[in-house]
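First the structure, in the form of structure tokens, and then the observations on it.
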Amino acid sequence: MKVDVLLGLQWGDEGKGKIVDVLTPRYDYITRFQGGPNAGHTLEFNNIKHVLHTIPSGIFRENKINIIGNGVVIDPVIFKHEIEGIKKLGIDLTQNLLISKKAHLILPSHRILDSASEAAKGKAKIGSTLKGIGPTYMDKTGRNGLRVGDISANFKEKYNNLVAKHRQMLDKFYEFDYDITTYETEWFEGIEILKEFQLIDSEQYINDGMKAGKSVLAEGAQGTLLDIDFGSYPFVTSSNTVCAGACTGLGVAPNKIGEVIGIFKAYCTRVGMGPFPTELFDETGDLLRKNGNEFGATTGRERRCGWLDLVALKYSIMINGVTQLCMMKSDVMDNFDTIKICTAYKVNGKQVDYVPYEMTEDIEPVYSEFKGWNTDMSKMTNADEFPEAFKQYINFIEKETEVPIAVVSIGPNRAQTIKIEK
Ligand code: GDP
Ligand code: IMO
Ligand code: MG
């Protein structure tokens, strides 16, 4: 069996959590391969609305194994809160949630370093979620990090050594005021909670499972345009959010990747700083934000909104080798008279149809205009019901991207999902 990968093609928050939950019945293992609690993945079903940060979105389906892979970074405090929240719904996770021993730990001091780094950058700040993601991945690649597997032997000593180094940076370099003690106490409680779970060699577990016929879904976090290599650097996250990240973040070989399911909103959003060529600063942008309830699932921040950017979408499809698309949140534009799609950029007066080296603020989008469908689609159950103008919108995207749209999502609920049979 192969690993199917589901990942975001824009700047995150495309609706990955919802679709992973919808697809989970087809798979045996649901895995996360990168990122950490900077992610906020929302699921809605049976009058429950739940946001997951570290735990894979297959967790609410029975008899499924959920795995936090080696590429993920874990904050024990946030993990503890997640476990408590899910327990309240009557679900015991100790049997079906497995954690890689190679996943790195986000220390309380990593969070503080994240804040100190952002404060020092001033106006040039990234707009990080302040969850300590950047400093934790820096310690991972700098070969200083603490891993889940370390929590058994000499843990306190290893912890103290790393914190001492962080304190030097905070005191001497950043000259930053901080209090670590309250968060630290809860952090060690979180470590005890982690110990209740099966801490495994997940790369072996997943590969053995595949050999034995188990099917695997890999759930991306963030989105391709936030990838550390291919995103709008430096306004990116610190992990490889692209398909290749599933290989390194789970320990599966490239020839074991099956379908690559790319997920995008019918428009675009971004939270945090950095370029966004199709951003709208007018009432249309406000309407997208209002209709789409575009406020961050992790930080509550307002999401910036704009038209769909096909230049960026095609780039993401290329980098990931996307084989099928899911289009989300088209219902947000159900009451629009006209809708635009960006099909090219003008950079210094010259028209280009690819993403330039620097996705600077100076890019001028070139738009194609479409008639809105002006129909409430949120209760539709079948693609046959789609209005003509909506069909033209999705046909245009399929023709331009040369990838079929397999799923259209018309509302946040699990049930508001339409599969398109070709
Ligand atoms: P993720 O990070 O990719 O999992 O996405 P988020 O959960 O951060 O953000 C997506 C938001 O849109 C959540 O509030 C979802 O409940 C909601 N959502 C998902 N799909 C749809 C849809 O098709 N229509 C609408 N209106 N909301 C959706
Ligand atoms: P999900 O998985 C949207 C953004 C932050 C910031 C930049 C760097 O829910 O789609 P970081 O905390 O990673 O150092 O922040 O990346 N960002 C996200 N934006 N969705 C996410 O995750 C994000 N995770 C990080 O806003 O601009
Ligand atoms: Mg999110």
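Quick caveat: nothing in here was measured; it's all calculated off a predicted structure. All ligand and atom numbering here is 1-based and tracks the order in the structure.
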### Query
Would one find an N or O of Ser238, backbone or side chain, under 3.5 Å from an N or O of ligand 2?
no
Numbering as shown, the atoms of ligand 2 that approach [X] to under 4.0 Å (heavy-atom distance):
| X | value |
| --- | --- |
| Thr237 | 11 (P), 13 (O) |
| Ala221 | 2 (O) |
| Trp11 | 3 (C), 19 (N) |
| Ala39 | 1 (P), 2 (O), 9 (O), 22 (O) |
| Ile126 | 8 (C), 27 (O) |

#### Entry: Min heavy-atom dist Gly40 to ligand 2 below 4.0 Å
yes
## Note on the structure
Closest to atom 6 (C) of ligand 2 by heavy-atom distance, out of Gly272, Gly127, Ser239, is Gly127
### Message
Please compare Thr129, Asp13, Ile228, Val236 and report which has the shortest non-hydrogen distance to atom 12 (O) of ligand 2.
### Response
Thr129
### Task
Specify side chain, backbone, both or neither for Arg303, according to which of its non-hydrogen atoms lie closer than 4.0 Å to ligand 1.
side chain
### Query
When you look for heavy atoms under 4.0 Å from ligand 1, do you find them on the side chain of Asp331, its backbone, both, or neither?
side chain
May I ask you to identify the nearest protein heavy atom to [atom], giving residue, atom name and distance to one decimal place in Å?
| atom | result |
| --- | --- |
| atom 4 (O) of ligand 1 | Gly17 N, 2.9 Å |
| atom 2 (O) of ligand 1 | Gly40 O, 2.8 Å |
| atom 11 (C) of ligand 1 | Lys329 NZ, 3.7 Å |
| atom 27 (O) of ligand 2 | Val271 O, 3.2 Å |

Any idea which part of [X] is under 4.0 Å from ligand 2, heavy-atom wise: side chain, backbone, both or neither?
| X | result |
| --- | --- |
| Arg301 | side chain |
| Leu226 | side chain |
| Phe235 | neither |
| Lys16 | side chain |

### Any Gln222 heavy atom less than 4.0 Å to ligand 1
no
### Query
At a 4.0 Å cut-off, with the gap strictly under it, does some heavy atom of Gly8 reach an atom of ligand 1?
no
### Task
Without swapping roles, check the side chain of Asp139 against the backbone of Asn144 for a donor-acceptor pair under 3.5 Å.
no
### Query
Hey, does the side chain of Glu82 reach the backbone of His53 with a donor-acceptor pair shorter than 3.5 angstrom?
yes
For ligand 1, which atoms sit closer than 4.0 Å to a heavy atom of [X]?
| X | answer |
| --- | --- |
| Ile410 | 23 (O) |
| His41 | 1 (P), 2 (O), 4 (O), 7 (O) |
| Glu44 | 16 (O) |
| Lys18 | 20 (N) |

Please output the side-chain donor-acceptor pairs of residues 16-27 that fall under 3.5 Å, not counting sequence neighbours, one pair per line with the distance.
| from | atom 1 | to | atom 2 | distance (Å) |
| --- | --- | --- | --- | --- |
| Lys16 | NZ | Glu14 | OE1 | 2.9 |
| Lys16 | NZ | Gln222 | O | 3.0 |
| Lys18 | NZ | Ser409 | OG | 2.9 |
| Lys18 | NZ | Gly411 | O | 2.7 |
| Lys18 | NZ | Asn413 | O | 2.9 |
| Lys18 | NZ | Gln416 | O | 2.8 |
| Lys18 | NZ | Thr417 | OG1 | 3.1 |
| Asp21 | OD1 | Arg61 | NE | 3.4 |
| Asp21 | OD1 | Arg414 | NH2 | 3.0 |
| Asp21 | OD2 | Arg414 | NE | 2.7 |
| Thr24 | OG1 | Val20 | O | 2.6 |
| Tyr27 | OH | Asp4 | OD2 | 2.5 |

For the 3.5 Å polar cut-off, considering only N or O atoms, please tell me whether [X] and ligand 1 meet it.
| X | answer |
| --- | --- |
| Gly411 | yes |
| Lys49 | no |
| Asn291 | no |

### Task
Sort by chain and number the protein N/O/S atoms found under 2.8 Å from the Mg ion (ligand 3).
Asp13 OD1, Gly40 O
